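These notes are about the structure you will find just below.
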Amino acid sequence: MDGAPWPCQPAKSRLLTLYADDRLALLMHLGALMQRAAGELPADVDVVDRFLLWARRAPAVDAGPVTDGDRLAG
């Protein structure tokens, strides 16, 4: 343990590696941990920032407007 608030950088790296192919599962896991920890952390801790925002994917590149053909193909 390095003394940094969880998830510290080593924990973040490990989680990103473990969930490399399933970012949604990572966010769900972190959300469950956030919910458990929220009642134990001081009120001034931004739990959303601490537990979730770091793990969000960068916004997808805009591929243009969705067309009816795109909706039918999906």
Side-chain angles (χ1 to χ4, degrees):
M1 184 148 173
D2 60 13
W6 194 93
C8 58
Q9 192 55 49
K12 290 176 182 178
S13 295
R14 181 165 160 71
L15 287 164
L16 288 172
T17 299
L18 288 171
Y19 289 92
D21 296 327
D22 196 347
R23 187 64 56 105
L24 179 58
L26 171 60
L27 291 169
M28 291 173 60
H29 175 69
L30 291 171
L33 293 174
M34 179 185 74
Q35 185 176 11
R36 287 178 42 198
E40 299 176 21
L41 295 171
D44 64 343
V45 173
D46 183 350
V47 292
V48 173
D49 184 51
R50 182 167 163 183
F51 282 82
L52 297 177
L53 293 184
W54 68 268
R56 285 183 22 188
R57 245 183 236 264
V61 175
D62 185 4
V66 175
T67 67
D68 286 335
D70 294 330
R71 286 188 194 96
L72 294 174

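None of these values were measured; they are calculated from a predicted model.
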Under 3.5 Å, which donor-acceptor pairs link side chains of residues 10-17 to any protein atom two or more places apart or in another chain?
residue	atom	partner	partner atom	Å
Ser13	OG	Gln9	O	3.2
Thr17	OG1	Ser13	O	3.0

Quick one: list whatever passes ring-ring contact (aromatic ring centres under 6.0 Å, His included) with Trp6, sequence neighbours left out. Phe51
Ignoring hydrogens and angles, write down the donor-acceptor pairs under 3.5 Å from the side chains of residues 24-44, residues two or more places apart or on other chains.
none

Looking only at heavy atoms, the pair that brings Arg23 and Ala55 closest together is NH1-O, 2.8 Å
